[in-house]
Asks: 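Encoded as structure tokens, here's the structure I'll be asking about.
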Amino acid sequence: MKIIIINGPNLNLLGKREPDVYGSQSFDDFFSSLQKKYNSIELSYFQSNIEGELISKIQETGFTYDGIILNAAAYTHTSVGIGDAIKAIQTPVIEVHISNTFAREEFRHLSYISPNAAGIISGFGLKSYELALQSFLIP
Ligand code: DQA
């Protein structure tokens, strides 16, 4: 099974960025532990701060991978282009957020990802990614 985690802007700063909201673990450390725990899955990871690069990666993986776990970060709330990309592909996309976006500012309540996502997981810290991964394992 081939699954990719795609992270959007500023998520390269996890561990350093607003640790009270996003925790103190770096994504690289978390990703290594996830790979070890789920070693039967071909799990890969891509991060970009650039909207077009995220769209290209969604297109590139969206017809051959079994699942995409997407945290589009701030682009969640602004990007018609990423929303359209998800609509265009065949691979199911799980929308993930580390924080509970509905418990935060109102502008974070709007998502261009949700209408075309297979599911949404928000508010469980980095565990949100693991829960999304598990959703692909449950028949
Ligand atoms: C986030 C929530 C977004 O509102 C924010 O812009 C992020 C991270 C989250 O994982 O909680 O950068 O997607």
Side-chain angles (χ1 to χ4, degrees):
M1 180 179 283
K2 267 173 97 163
I3 308 278
I4 185 166
I5 295 175
I6 300 179
N7 271 345
N10 301 307
L11 292 172
N12 53 314
L13 296 181
L14 280 177
K16 295 182 200 144
R17 170 194 185 200
E18 299 179 79
D20 47 321
V21 180
Y22 299 114
S24 50
Q25 193 175 13
S26 76
F27 198 81
D28 284 348
D29 284 354
F30 170 73
F31 182 69
S32 301
S33 64
L34 208 58
Q35 267 182 321
K36 268 185 213 134
K37 189 166 172 186
Y38 296 90
N39 57 15
S40 62
I41 297 176
E42 241 185 277
L43 189 60
S44 53
Y45 164 55
F46 176 79
Q47 189 276 332
S48 177
N49 294 322
I50 300 166
E51 187 177 9
E53 287 185 358
L54 295 167
I55 293 171
S56 293
K57 187 53 80 175
I58 290 165
Q59 291 183 4
E60 188 188 309
T61 53
F63 295 90
T64 49
Y65 279 57
D66 300 295
I68 295 175
I69 296 169
L70 174 65
N71 186 348
Y75 289 140
T76 304
H77 318 299
T78 61
S79 180
V80 174
I82 294 177
D84 281 354
I86 294 167
K87 210 171 183 174
I89 61 169
Q90 283 165 3
T91 299
V93 173
I94 310 290
E95 175 182 354
V96 156
H97 300 285
I98 298 164
S99 62
N100 176 357
T101 49
F102 291 98
R104 301 180 66 192
E105 303 95 321
E106 195 147 350
F107 69 85
R108 295 185 205 274
H109 301 181
L110 169 70
S111 169
Y112 286 95
I113 312 300
S114 304
N116 300 307
I120 305 153
I121 299 170
S122 182
F124 294 93
L126 290 175
K127 249 191 285 176
S128 293
Y129 293 93
E130 185 170 358
L131 293 169
L133 191 59
Q134 288 175 353
S135 77
F136 289 111
L137 300 176
I138 301 163

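As the structure is a prediction and not an experimental result, all values here were calculated from the model. Numbering of ligands and ligand atoms starts at 1, following listing order.
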Asks: Could you tell me whether the side chains of Glu130 and Tyr38 share a donor-acceptor contact shorter than 3.5 Å?
Replies: yes

Asks: Which bit of Val21 gets closer than 4.0 Å to ligand 1, counting heavy atoms only: side chain, backbone, both or neither?
Replies: neither

Asks: Spell out, as yes or no, whether a donor-acceptor pair under 3.5 Å connects the side chain of Tyr22 to the backbone of Leu126.
Replies: no

Asks: Gln59 and Ile89: which non-hydrogen atoms are nearest, and at how many Å?
Replies: CA-CG2, 4.3 Å

Asks: Within ligand 1, which atoms have a heavy atom of Arg108 less than 4.0 Å away?
Replies: 3 (C), 4 (O), 5 (C), 6 (O)

Asks: Which protein heavy atom lies closest to atom 9 (C) of ligand 1, and at what distance to 0.1 Å?
Replies: Ile98 N, 3.3 Å

Asks: With a 3.5 Å distance limit and no angle check, can you tell me whether Gln47 reaches the backbone of Gly8 through a side-chain donor-acceptor pair?
Replies: yes

Asks: Which atoms from ligand 1 have a heavy atom of Ala74 less than 4.0 Å away?
Replies: 6 (O), 12 (O)

Asks: Apply side chain to side chain contact (heavy atoms under 4.5 Å, CB included) to residues Lys57 and Ile68 and explain how you reach the verdict.
Replies: CA-CA 10 Å; Lys57 187 53 80 175; Ile68 295 175; over 6 Å; no

Asks: So which of Glu18, Glu105, His97 gets nearest to atom 1 (C) of ligand 1, if we judge by its closest heavy atom?
Replies: His97

Asks: Find all atoms of ligand 1 within a distance of less than 4.0 Å from any non-hydrogen atom belonging to Thr101, and give their numbers and elements.
Replies: 2 (C)

Asks: Does Asn10 reach ligand 1, in the sense of a heavy atom lying below 4.0 Å from it?
Replies: no

Asks: Looking only at protein heavy atoms, which one is nearest to atom 11 (O) of ligand 1, and what is the separation?
Replies: Ser99 OG, 2.6 Å

Asks: Does any N or O of ligand 1 fall below 3.5 Å from an N or O anywhere on Leu11, backbone included?
Replies: no

Asks: State whether the side chain of His109 and the backbone N or O of Arg104 hold a donor-acceptor pair below 3.5 Å, judged by distance alone.
Replies: yes

Asks: At a 4.0 Å cut-off, with the gap strictly under it, does some heavy atom of Thr76 reach an atom of ligand 1?
Replies: no

Asks: Is there any N or O on Arg104 that sits under 3.5 Å from an N or O of ligand 1?
Replies: no

Asks: Taking Ser79 for the side chain and Thr76 for the main chain, is one N or O donor matched with an acceptor at less than 3.5 Å?
Replies: no

Asks: Who's closest to atom 12 (O) of ligand 1 heavy-atom-wise, of Arg17, Glu95, His109?
Replies: Arg17

Asks: Before you tell me yes or no, could you show the steps for Phe27 and Ile5 under side chain to side chain contact (heavy atoms under 4.5 Å, CB included), namely the whole-Å CA-CA distance, both residues' side-chain angles and the distance that decides it to 0.1 Å?
Replies: CA-CA 11 Å; Phe27 198 81; Ile5 295 175; 3.9 Å; yes

Asks: Can you confirm whether more than 12 heavy atoms, excluding those of Glu106, are under 6.0 Å from its CD atom?
Replies: no

Asks: Against heavy atoms of His77, which atoms of ligand 1 measure under 4.0 Å?
Replies: 3 (C), 4 (O)

Asks: What atoms of ligand 1 come within less than 4.0 Å of a heavy atom belonging to Tyr22?
Replies: 5 (C), 7 (C), 8 (C), 9 (C), 11 (O), 12 (O)

